[in-house]
Amino acid sequence: MPEAILLNCTIDVNNAGNTTLDGLHILRNDGALGPVNQIELDGGGINTVQNCIFERNGSNAGQEIRAIATTTAGGNKIIANNKILEILPVDYSVVTNPGQEEFI
C-alpha cells in the first residue's frame with residue numbers, strides 16, 4: 001500500500017504541550033510564491049520533528065519555501081533524522097531561531 005503524502009499544506013504546531021511529528025511525508029508541488037513554511041514550530045512545549053520527508057517540486061524556482069521554521073516562542077525544538085529533497089533549484093531550507101533547536 002502506498003504511503004500517504006500531505007500535499008501543499010502547512011502544519012502549525014502552536015500548543016502548550018509537547019508535540020512529536022514522526023514519519024510524515026510532505027510534498028509541495030504547486031506554484032506558491034512564498035514565503036511558505038511546511039512546518040511551523042512555535043508551540044510552548046518541546047516540539048520534535050523526526051523521520052520525516054520534506055519534498056519540494058514546484059513550478060517556480062527561487063521561492064522562499066521552507067521545510068521547517070521555528071520561532072523564539074516556547075520550548076526546545078528537536079529536529080532529527082529528516083530528509084529534505086528538492087527537485088528544482090529553489091530556495092528550500094530549514095530556518096531557525098538560534099539557541100532553541102537541537103539537530104540530530
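One-based numbering along the sequence shown.
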Please step through side chain to side chain contact (heavy atoms under 4.5 Å, CB included) for the pair Phe54 and Leu85, ending with a clear verdict. CA-CA 6 Å; Phe54 300 93; Leu85 307 170; over 6 Å; no

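- Under the 4.5 Å side-chain heavy-atom criterion for ILVMFWY residues, no single connected hydrophobic cluster contains both Ile39 and Leu27.
- Note that NZ of Lys83 and CD1 of Ile53 are 5.5 Å apart. Values are rounded to the nearest 0.5 Å.
- Taken from CG in Asp12 to CD in Gln38, the straight-line distance is 13.5 Å, to the nearest 0.5 Å.
- For Asn51, the side chain to side chain donor-acceptor pair (under 3.5 Å) criterion is met by Asp22, Asn81, not counting sequence neighbours.
- Remark: the backbone N or O of Arg28 is paired with a side-chain donor or acceptor of Arg56 at under 3.5 angstrom.
- The distance from the OG1 atom of Thr70 to the CG atom of Asn47 is 9.0 Å, given to the nearest 0.5 Å.
- Between Leu21 atom CG and Ile26 atom CD1 the span is 7.5 Å, to the nearest 0.5 Å.
- The side-chain heavy atoms of Ile46 and Thr20, taken from C-beta on, include no pair separated by under 4.5 Å.
- One finds the SG atom of Cys52 at 8.0 Å from the CD1 atom of Ile11 (value rounded to the nearest 0.5 Å).
- Side-chain atoms of Asn8 and Asn29, non-hydrogen and from C-beta on, do get closer than 4.5 Å to each other.
- With values rounded to the nearest 0.5 angstrom, His25 atom NE2 is found 9.0 Å from Leu6 atom CG.
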Let me see the working for Val49 and Val13 under side chain to side chain contact (heavy atoms under 4.5 Å, CB included), right down to the final yes or no. CA-CA 10 Å; Val49 178; Val13 177; over 6 Å; no

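- Looking at residues two or more places apart in sequence or on another chain, you find no side chain to side chain donor-acceptor pair (under 3.5 Å) involving Thr48.
- The closest donor-acceptor contact from the side chain of Asn15 to the backbone of Gly44 lies at 3.5 Å or more, if one exists at all.
- Proximity of a side-chain donor or acceptor of Asn37 to a complementary backbone N or O of Ile68 within less than 3.5 Å is not detected.
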